[in-house]
Amino acid sequence: MSAKFTSHNLDEFVLITASTPDLDSVFANECVAEIQSRVQAGAKLIFLDLSCADRSQSCDFATFHSGVAALKQSQNFDLILVNVGQLKAEIEKSRLVDVAQIYQAKTPDEGRAATAELLKKEFNKIAATLDHYMIDAVQAGVQRWIGSLPDKIQPSAPEVDPLQDVVSSVTMQVDGGVFRLFLASSQPVMTAMVTKILKIQVKHGDPLIADGACELLNYLTAYFRQRLSEAQATVDASAPQLMPPAEVMALLDQSPKGHRVYTPLGHFDVWIEVAV
Amino acid sequence: MKPDMRILIVDDSLVARRLLVTYLNEMGIHNITEAGNGEEGLLCLDAAATDKTRPPFDLIVTDLRMPALSGVGFLSKLKDDPAYKAIPKLICSVESDKAVLLNAVLSGADSYILKPVTLPVLREKIERALARKKVSSS
């Protein structure tokens, strides 16, 4: 039986969903070939959803395992088998390959939900790493922007008034994962910063204030990107955008956590959201 | 440096543009056109090319990360256009990643100013860019 695959490609993270009912030898070989092609394309972590092979009557798991074992000798990747169903015992007794984790689901929908959750957990791990780089980038970016280092940076949930404050965002792709970086500042703080930079008195409501929030985020993003590049990550970042109040409200409903950055001119908040 | 020289600033940040305009004014340069991204920059150049009542641009200062058309995209289009490729082009960006800068230079930038720009650095970079143009055209 010929196998069919659908995939959710996130560059280094790939979810392969097999859509044939039997894990026979043909399908097992095709699974291995599919994994090989993804690994050669740069995948480091592969989720293989075997929910359709759950009721297999002609199971040839040994072929699959030996194929993956051979591949692992030459390539560096992790494989997570999802929705293995009745194959669980087979997988557990096999020691041919390292199966990182085994997840079970009773229905395909449950399986998809579990897989999505799994992916999100992986990206949250990256978000935690990004958070570390962000603090570093905030130090450098603020120093360049206003000419002095932040007084302190503290973990904090952002406190934002969507109607009064200015909020800017940048979308970043880091190693295939999509993240959004946010900056929220009160108008008086941003006014003070822009006034200091331009050496002119900026009035309340001046478009320069909202633009300042975007430009400051631009500075932070540049250093953020630089730190990540130094860590060998592939990074792409959009231009900063100002967020409308309705979008800010929706964001705050998700109870984000980030950092409060205290500067001699007042404080602002920064945080990261996983966008996958 | 001619006080009547004409400069095109391409940057999506009002703050960054305002700072550049302030410094250029302090250098005695007032013939400045502003564009918010690469696409607007191209429109300004095309408009200047058809307007015979005003002199062409002597210099372009552009940011890198912008919506619609990025600085690299903008420079790449100018590089392939015989009408604009001789105009000196300065990057003015907060990006300091070597790969990003290399990409900008390969796309046609003559030099680079790290934000936030200061008056002495801006003056020096403009003078050098114009001097290089003079040498290459003679």
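As a basis for the values below, the full set of heavy atoms in this structure was taken, side chains included, without hydrogen atoms, waters or symmetry mates. First the proteins, then the strands, lettered A, B, ... as listed; each starts at 1.
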J.: Do you know the tightest heavy-atom contact between B/V94 and A/N218?
T.: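 Scanning both residues completely, I find the closest heavy atoms to be CG1-O, 3.5 Å.
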
J.: Report the option among A/S238, A/P240, A/C214 that has the most heavy-atom pairs separated by less than 4.5 Å from atoms of chain B.
T.: A/S238

J.: Between A/I209 and chain B, with a heavy-atom cut-off of 4.5 Å, which part of the residue counts as in contact: side chain, backbone, both or neither?
T.: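 No part of A/I209 comes within 4.5 Å of chain B.
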
J.: Do the side chain of B/R18 and the main chain of A/L198 share a donor and acceptor less than 3.5 angstrom apart?
T.: no

J.: Does atom CD of A/Q40 have more than 12 heavy-atom neighbours from other groups under 6.0 Å away?
T.: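 Yes.
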
J.: Quick check on the structure: residues of residues 62-88 of chain B within a heavy-atom distance below 4.5 Å of chain A, by number.
T.: B/D63, B/R65, B/M66, B/P67

J.: Which atom names give the shortest non-hydrogen contact between A/R144 and B/K115, and what distance separates them?
T.: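 Scanning both residues completely, I find the closest heavy atoms to be NE-O, 2.6 Å.
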
J.: Hey, is CD on A/Q241 packed in by over 12 heavy atoms from elsewhere, all under 6.0 Å?
T.: no

J.: At a 4.5 Å cut-off on heavy atoms, which part of A/A237 comes close to chain B: side chain, backbone, both, or neither?
T.: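 It is both, since atoms from each part get that close.
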
J.: Minimum heavy-atom separation for B/V15 to A/D211, with atom names?
T.: N-OD2, 2.7 Å

J.: To the nearest 0.5 Å, tell me how far A/L216 CG sits from B/S13 OG.
T.: 10.5 Å

J.: Output the option from B/L114, B/V100, B/D11 having the highest count of non-hydrogen pairs under 4.5 Å with chain A.
T.: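 That would be B/L114.
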
J.: Please look at B/T22 and chain A and tell me whether the side chain, the backbone, both or neither of the residue comes under 4.5 angstrom of a heavy atom of that chain.
T.: neither

J.: Considering only heavy atoms, give the residues of residues 31-60 of chain B separated from chain A by less than 4.5 Å, sorted numerically, with 'none' for an empty result.
T.: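 From residues 31-60 of chain B, none sit under 4.5 Å of chain A.
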
